[in-house]
Structure formats: structure tokens, C-alpha cells
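The sequence lines fix the lettering, A, B, ..., with proteins before strands; numbering per chain opens at 1.
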Amino acid sequence: DAGVIQSPRHEVTEMGQEVTLRCKPISGHNSLFWYRQTMMRGLELLIYFNNNVPIDDSGMPEDRFSAKMPNASFSTLKIQPSEPRDSAVYFCASRSTGYTFGSGTRLTVV
Amino acid sequence: EDQVTQSPEALRLQEGESSSLNCSYTVSGLRGLFWYRQDPGKGPEFLFTLYSAGEEKEKERLKATLTKKESFLHITAPKPEDSATYLCAVQEYSGGGADGLTFGKGTHLIIQP
């Protein structure tokens, strides 16, 4: 079991550019979560899916953020256009009985 | 108002010096309380889930306990490899089917040899 796989591990982009973060959940896990972690706010839930369907996106900060889960083995979190305040570590987690987190994507917007 | 508050924010202990980390929570219906360990540059790693007041779980030098208002993570005779940030999270019952975890900001623990 390779665990939850996120890519890229690090992303540096210029303000205004589009950023796409990717996640492959653990096979058989039917729920997927996107979190953002900053020093100031800690870990915050952005959006989650059950059986590939978005259930709660109330944590998505702005319309610049969007997430998709086209199938059970892949999800994306897109920021367009990116801003410096989006700089954070973004985690994906999947769940069957317990929650398993990926290693995260460290995003820096300059 | 934060739903999950952890204290202290940071704690420095000598190797072998036992202590406890606190997690207080305010939710209308607790479905589960989770403890995670996070090492620098890594994602949170699951430690325990507690479901009802009075429940206790142990793993090596760690023991987690739960009351109706708070949880404690007791660390007995810690070693330097126990140094990490310890995160507490709650999952609450919600008619809307909310399933995500709400995290505290964590306790940064340093164990000095």
C-alpha cells in the first residue's frame, strides 16, 4: 500500500498563475479530503468528497479555488489565479475507517 | 470561537521526563476525537481515535484519555524520537453529513537528550 500520493511535493509559482495540485487516494477509500496548513491557522478543511461527489466545499476560501474528483483514484485542487496569501502546505487525505494523510504539497506564490 | 484548543503550544522536556498534552473541545455531539503526530515536512500520522468519555488507548509511551470536555495525551518517559507536533482533531455529528476533521493548532514537543 503506497498510501495517499500527492504531487508535486513543492511548487513555486508567480502571482496570477494557475496552480494544480494532485492527489491519488488509497485504493478502496471512498472519501477524500483537501486540507490547507499554515502557521497562523493550522490545518483547515477546504473540501471533501464521498464516492467522488463533492459534499461540503464551505471551507474553500474563494472562487479562485476549485476541486474535482473525476474518478475514485484521482483528485485535483486548482487555484486560478494564485496569490501570495495562498502560500501554504496543502494536504490530501482519504478515509475508509480511519483518515490517512499524504505528505503534502508546499506551495509558494511569489 | 475555536472548537479545538490545544495546550501548551510548545513544550520542552528532558528525556525521561513524563508530561501531558491537553486538548479541549466544544462540539455539540462528538463522533470521535483523534490524535495525530506530525513530523517536519510530513503529513499527520494517525495515533488514536477515542469515541466516548472514559475511554483510554495506549501505544508504546503514549496514552490518550477522553472526558466530555477534553482529552489528554500522556507521554511517559519520552525519548528524543518522540519530538514532533501532536495534533488533536474532532469529528462531530452533523445532520448535513459533515465528515471532515476539525483540528487544533497542535503542541510542538521537543525531547532533549
To the nearest 0.5 Å, what is the distance between [atom1] on [X] and [atom2] on [Y]?
X: B:K105; Y: A:M39; atom1: NZ; atom2: CE; answer: 11.0 Å
X: B:T85; Y: A:Q37; atom1: OG1; atom2: CD; answer: 8.0 Å
X: B:L101; Y: A:F101; atom1: CG; atom2: CZ; answer: 6.0 Å

Assigning hydrophobic clusters by single linkage (Ile, Leu, Val, Met, Phe, Trp, Tyr; side-chain heavy-atom cutoff under 4.5 Å), is [X] placed with [Y]?
X: A:F33; Y: A:L46; result: no
X: A:F65; Y: A:M69; result: yes
X: B:L66; Y: B:F72; result: no
X: A:L107; Y: A:L43; result: no

Could you tell me whether [X] atom [atom1] has more than 12 heavy atoms of other residues or ligands within 6.0 Å of it?
X: B:K69; atom1: NZ; result: no
X: A:E14; atom1: CD; result: no
X: B:E81; atom1: CD; result: yes

Of B:F34, B:F46, B:Y36, which meets ring-ring contact (aromatic ring centres under 6.0 Å, His included) against A:Y99?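 Exactly one option meets the ring-ring contact (aromatic ring centres under 6.0 Å, His included) with A:Y99, and it is B:F34.
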Okay, B:E45 and chain A: the region with an atom under 4.5 Å from a heavy atom over there is neither
Answer yes or no: is there a side-chain heavy-atom contact under 4.5 Å between B:P44 and A:Y35?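 SC-SC contact between B:P44 and A:Y35 ruled out.
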Cut-off 4.5 Å, heavy atoms of chain B, and the answer for A:R106 is neither
Does any backbone or side-chain atom of A:L45 lie under 4.5 Å from a heavy atom of chain B? Answer side chain, backbone, both or neither.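 It is the side chain, since no backbone atom gets that close.
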Shortest non-hydrogen contact from B:K42 to A:F91? O-CZ, 3.7 Å
